[in-house]
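This report concerns only the one structure given below.
Chain naming here is simple, since letters A, B, ... match the order of the sequence lines and numbering starts at 1 in each.
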Amino acid sequence: MAESPYWNPKTETLAREDLRRLQGLRLAEVVARAWQGSPFHRRLFEQAGVKPEQVRGLDDLERLPFTTREAWMECQRRTPPFGDMLALPLEHAVRYHTTSGTTGRTPLRVLDGRVDWKWIAECWCYGFHGFGIRAHDRVFFAFSYGTFIGFWGAHYGCEKMGCLVLPSGNMTTEGRVALIDDMQATVVCATPTYALRLAQEARERGVDLVNGSVKRLILSGEPAGSIPATKRLIEGQWGAKAADTAGMTEIGTIMMFECEQQPGGTHIIEDQVIEEVIDPDSGRSVGYGEQGERVVTSFGRGMIPLVRYRTRDLVVKVPHTRCTCGRTFDLYDGGILGRVDDMLLVRGTNVYPRAVEAIVREHAAVDEFQIHLTTVDGIRDEIAVRCEVRPGHEAQWPKVRERLAADLAAAIEGLSIPVVEAARGSLPRFELKAKRVKDERVVKGAGR
Amino acid sequence: MNLPAKDLLGRPLSLTEQRLLAAYEGLKGLLREDLSPCAAANVKEAAAALWQVINDLALLSDRPEL
């Protein structure tokens with residue numbers, strides 16, 4: 001059993017009807033917990049006219065209302081800092097994380113308890129084990145370990161599996177390449193963009209990655225991990241296999257992973273979450289093979305039950321039979337394909353143009369602005385805010401520029417966003433729908 | 001202590017599954033005792049870890065507040 005290709009052979013190979021039954025039981029549990037503990041959820045359920053006892057199985061899923069990020073953020077705005085979504089008292093929390101907000105400088109705040117963290121790490125174990133990573137591996141994390149949840153769960157998952165974990169929170173890219181080489185890491189976890197940046201640094205330092213120790217890369221944070229051309233580029237530069245995973249702060253962990261068969265898609269961890277795909281306009285379910293918006297219900301988070309959460313990610317679900325690995329978990333063909341909304345992904349960080357605008361507009365010295373995205377050195381996403389200075393504010397501009405850059409970094413997970421002066425009259429003006437994002441990246445983090 | 005004979009899918013529990021369930025219930029029982037800080041914290045950790053097994057294997061509907 002220890003040599004199983006599956007982390008959890010019992011559920012990863014369940015017959016679909018049994019899997020549906022298990023999901024139905026767990027749905028009823030999570031709805032009951034949410035009703036009992038979370039005023040936010042009880043309010044939503046009451047507005048939709050649903051009571052927990054009416055939810056007995058998966059067939060009742062569509063009775064339940066959607067949860068949106070806007071409603072979640074609004075409840076935190078009304079009763080800061082955590083809103084009334086928590087289903088357990090604050091004293092159960094052992095960790096605080098944030099993700100960048102959609103409309104301003106306030107982040108979305110999440111709390112997790114001891115049991116939640118066991119589950120967060122567990123979901124990563126499904127992915128790591130499924131891609132062939134074992135206790136003998138040395139796993140390097142190119143990750144900053146801040147309030148952004150990122151690879152935190154992956155770190156704990158690898159410790160649980162018995163791997164040797166190599167953290168690199170405060171290191172430069174040069175230092176990280178040296179550590180990978182010195183410690184003979186066998187697995188590297190990074191965003192796709194940063195995996196390419198590490199490879200570039202290795203070339204410049206004369207480190208031969210292709211014949212080196214790294215055999216597997218776990219990619220996360222950007223959809224590029226499932227874009228075949230990008231993946232081939234990464235695999236070629238590292239001489240290693242690369243697997244895509246995708247997660248989100250709102251559930252704290254990953255909900256999909258690519259197995260060793262690399263079927264061109266990611267398996268959904270269907271014993272731990274329900275993933276629906278809907279038409280973003282009508283809210284109705286779409287079938288296999290049709291593109292739609294991901295909606296997730298998570299079973300494992302106790303402090304923050306998440307029921308039918310609209311992720312705004314675009315996906316295409318295909319049946320498990322697409323893959324030959326033997327798992328009965330369905331897949332997302334090509335991973336996450338893009339976004340329904342205007343969110344941008346820059347080096348694994350969510351950037352909402354509305355949030356940038358809210359901060360820029362606090363500064364009267366800015367007359368017009370543009371968010372400019374480029375690809376540097378063929379691999380690295382860069383973002384800058386270009387500003388035209390309002391006539392009469394030139395003297396204040398150097399200080400305003402400094403303040404604005406600091407405000408943007410503070411609001412957007414520490415992402416470095418240079419503020420650059422643009423010549424007067426050089427930026428476009430809009431009468432109707434403004435388009436202040438100029439995305440000139442070769443591979444866009446938020447789509448393809 | 002009465003432990004279920006079947007898992008959530010109605011399948012009979014294997015001997016190993018029965019032992020896992022008994023170990024989990026045993027840890028939860030310990031948490032009802034007056035434990036020293038070191039014992040309380042570590043038993044909670046152990047119970048949370050074993051809950052994960054119970055949950056993965058669909059042995060029981062339970063969500064401990066630890």
- With sequence neighbours left out, write down each residue that passes ring-ring contact (aromatic ring centres under 6.0 Å, His included) with Phe82(A), or none if nothing qualifies.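 Once residues adjacent in sequence are excluded, Phe82(A) has no partner under the ring-ring contact (aromatic ring centres under 6.0 Å, His included) criterion.
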
Between chain B and chain A, which donor-acceptor pairs sit under 3.5 Å apart?
{"residue": "Asn8(A)", "atom": "ND2", "partner": "Asp56(B)", "partner atom": "O", "Å": "2.9"}
{"residue": "Lys10(A)", "atom": "NZ", "partner": "Asp7(B)", "partner atom": "OD2", "Å": "2.8"}
{"residue": "Lys10(A)", "atom": "NZ", "partner": "Glu17(B)", "partner atom": "OE2", "Å": "2.8"}
{"residue": "Lys10(A)", "atom": "NZ", "partner": "Leu57(B)", "partner atom": "O", "Å": "2.9"}
{"residue": "Asp18(A)", "atom": "OD2", "partner": "Arg11(B)", "partner atom": "NH2", "Å": "3.1"}
{"residue": "Arg21(A)", "atom": "NH2", "partner": "Leu9(B)", "partner atom": "O", "Å": "3.3"}
{"residue": "Arg26(A)", "atom": "NH2", "partner": "Asn55(B)", "partner atom": "O", "Å": "2.3"}
{"residue": "Arg26(A)", "atom": "NH2", "partner": "Asn55(B)", "partner atom": "OD1", "Å": "3.4"}
{"residue": "Glu29(A)", "atom": "OE2", "partner": "Ser61(B)", "partner atom": "OG", "Å": "2.5"}
{"residue": "Arg114(A)", "atom": "NE", "partner": "Leu66(B)", "partner atom": "O", "Å": "3.2"}
{"residue": "Arg114(A)", "atom": "NH1", "partner": "Glu45(B)", "partner atom": "OE2", "Å": "2.9"}
{"residue": "Asp116(A)", "atom": "OD1", "partner": "Arg63(B)", "partner atom": "NH2", "Å": "2.4"}
{"residue": "Lys118(A)", "atom": "NZ", "partner": "Glu45(B)", "partner atom": "OE1", "Å": "2.9"}
{"residue": "Trp119(A)", "atom": "N", "partner": "Gln52(B)", "partner atom": "OE1", "Å": "3.2"}
{"residue": "Gln272(A)", "atom": "OE1", "partner": "Asn55(B)", "partner atom": "ND2", "Å": "3.4"}
{"residue": "Gln272(A)", "atom": "NE2", "partner": "Asp56(B)", "partner atom": "OD1", "Å": "3.1"}
{"residue": "Gly300(A)", "atom": "O", "partner": "Arg63(B)", "partner atom": "NH1", "Å": "2.6"}
{"residue": "Gly300(A)", "atom": "O", "partner": "Arg63(B)", "partner atom": "NH2", "Å": "3.1"}

- Of the non-hydrogen atoms in Val115(A) and Ala48(B), which two are nearest, and what is the gap between them?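 For Val115(A) versus Ala48(B), the nearest heavy atoms are CG2-CB, 4.1 Å.
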
- Message: Is Leu22(A) in contact with chain B via its backbone, its side chain, both, or neither, using a 4.5 Å heavy-atom distance?
- Response: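 Both backbone and side chain.
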
